[in-house]
Amino acid sequence: MARPLRIEFPGAVYHVTSRGNERKAIFRDDQDRKMFLDTLKDVTFQYNLLCHAYCLMNNHLLIDTADGNLSIGMRQLNGIYTQRFNRRHGRVGHLLQGRFKAVVVQKDSHLLEACRYVVLNPIRAKVVERPEQWVWSSYVATAGRSKPHPCLVTDWVLKQFGS
């Protein structure tokens, strides 16, 4: 049976998740996480995507698609990251299980809550007690406590809190 078509349109915002094949980790160490963020930076630039939030446990992203091209951008991100991960760890084959999951987020009413949801994942998973303790999320940069990774845009989220 054919899988359903993904709804894509310019200006859409998605909560995107990818899961490791056989539910295995897609990051073995901090160097993998840095490699993923660097790949995300390249893909967001190449495909005109905006990343409003991220959390690298498995993989949660909030992506704004100015050109309505989420699928091609995610294919590039997941494909290049898998190639780099496999090369680095001397392995072959699939890293990710199936295709990525994407849920459309209403920008005006739900994006801020979705950003909170993404960065609070480590707390829900009982990995840390406070969001700033998980350095591999966008929380600290959005809160203004560190320089944002080049893959992250914080202006929309910060505008929601006024001056």
Side-chain angles (χ1 to χ4, degrees), residues 3-20 25-27 32-82 96-163:
R3 58 186 176 197
L5 292 175
R6 197 176 301 280
I7 298 171
E8 294 189 15
F9 55 93
V13 178
Y14 301 89
H15 177 193
V16 180
T17 56
S18 297
R19 176 177 283 169
I26 63 173
F27 307 112
D32 286 344
R33 289 178 181 91
K34 182 181 178 332
M35 184 171 58
F36 181 86
L37 289 177
D38 290 343
T39 306
L40 178 60
K41 174 194 64 140
D42 295 343
V43 170
T44 56
F45 178 76
Q46 183 178 2
Y47 291 96
N48 195 25
L49 305 172
L50 301 174
C51 178
H52 293 290
Y54 63 84
C55 184
L56 305 186
M57 286 176 53
N58 45 23
N59 177 352
H60 284 265
L61 307 169
L62 277 171
I63 300 289
D64 194 331
T65 60
D67 300 331
N69 56 348
L70 180 69
S71 291
I72 193 168
M74 287 304 299
R75 183 185 70 202
Q76 188 78 355
L77 173 64
N78 289 342
I80 289 175
Y81 177 70
T82 295
L96 300 168
Q97 176 181 311
R99 71 179 182 164
F100 63 94
K101 180 180 175 186
V103 177
V104 177
V105 174
Q106 296 294 322
K107 194 171 202 172
D108 295 334
S109 58
H110 296 110
L111 182 57
L112 195 57
E113 184 56 35
C115 288
R116 283 188 199 109
Y117 175 84
V118 167
V119 299
L120 293 177
N121 267 304
I123 294 171
R124 281 189 294 281
K126 299 185 186 328
V127 176
V128 296
E129 293 181 6
R130 295 186 321 272
E132 63 270 15
Q133 293 173 315
W134 186 255
V135 298
W136 296 105
S137 82
S138 55
Y139 177 83
V140 174
T142 302
R145 297 181 186 169
S146 74
K147 183 179 176 186
H149 189 278
C151 73
L152 181 68
V153 294
T154 59
D155 56 339
W156 186 90
V157 174
L158 294 175
K159 284 179 189 174
Q160 303 314 300
F161 296 101
S163 59

With a 4.5 Å cut-off on side-chain heavy atoms, are [Y] and [X] touching?
X	Y	answer
Phe100	Asn59	no
Leu77	Leu61	yes
Cys115	Thr142	no
Arg99	Arg6	yes
Val157	Leu112	yes
Met74	Ser18	yes
Lys101	Val16	no

Roughly how far, to the nearest 0.5 Å, is the [atom2] atom of [Y] from the [atom1] atom of [X]?
X	Y	atom1	atom2	answer
Asn69	Tyr47	CG	OH	8.0 Å
Leu49	Asp67	CG	CG	8.0 Å
Ser137	Met57	OG	CE	10.0 Å
Lys34	Thr39	NZ	OG1	9.5 Å
Leu70	Arg75	CG	CZ	12.0 Å
Thr82	Phe36	OG1	CZ	9.5 Å

Parallel, tilted or perpendicular: which describes the rings of Phe27 and Tyr81, with under 30° parallel and over 60° perpendicular?
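Rings of Phe27 and Tyr81: tilted, 30 to 60°.
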
Nearest heavy-atom pair of [X] and [Y]: which atoms, and what distance?
X	Y	answer
Ala53	Ser138	CA-OG, 3.2 Å
Ile26	Gly20	CG2-CA, 3.4 Å
Gln76	Val43	CG-CG2, 3.9 Å
Arg33	Leu56	NE-O, 3.5 Å
Ala114	Val105	CB-CG1, 4.2 Å
Pro148	Ala141	CA-CB, 3.6 Å

Check this for me: His149, atom NE2, are more than 12 non-hydrogen atoms of other residues, nucleotides or ligands nearer than 6.0 Å?
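It does: His149 NE2 has more than 12 such atoms within range.
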
Is it true that, when you exclude Glu129 itself, more than 12 heavy atoms of the residues, nucleotides or ligands shown sit nearer than 6.0 Å to its CD?
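Atom CD in Glu129 is not packed in, count stays at 12 or less.
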
Please check this pair: side chain of [X] against backbone of [Y], looking for a donor-acceptor N/O pair closer than 3.5 Å.
X	Y	value
Tyr54	Leu37	no
Asn121	Val118	yes
Arg124	Tyr117	yes

Should Val135 and Val140 be marked as a side-chain contact (heavy atoms from CB on, under 4.5 Å) after you check the CA-CA gap, both sets of side-chain angles, and the distance that decides it?
CA-CA 7 Å; Val135 298; Val140 174; 6.0 Å; no

Report yes or no: do Glu8 and Ser71 form a side-chain donor-acceptor pair below 3.5 Å?
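Their side chains do contain a donor-acceptor pair, which is all the 3.5 Å distance test asks for.
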
Do Arg145 and Tyr139 form a cation-pi contact, if we require the NZ or CZ to be under 6.0 Å from the six-membered ring centre and within 45 degrees of the ring's axis?
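Not satisfied by the 6.0 Å and 45° rule.
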
Residues in side chain to side chain contact (heavy atoms under 4.5 Å, CB included) with Val128, at least two apart?
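In terms of side chain to side chain contact (heavy atoms under 4.5 Å, CB included), with neighbours along the sequence ignored, Val128 is linked to Pro122, Ile123, Gln133, Trp134.
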
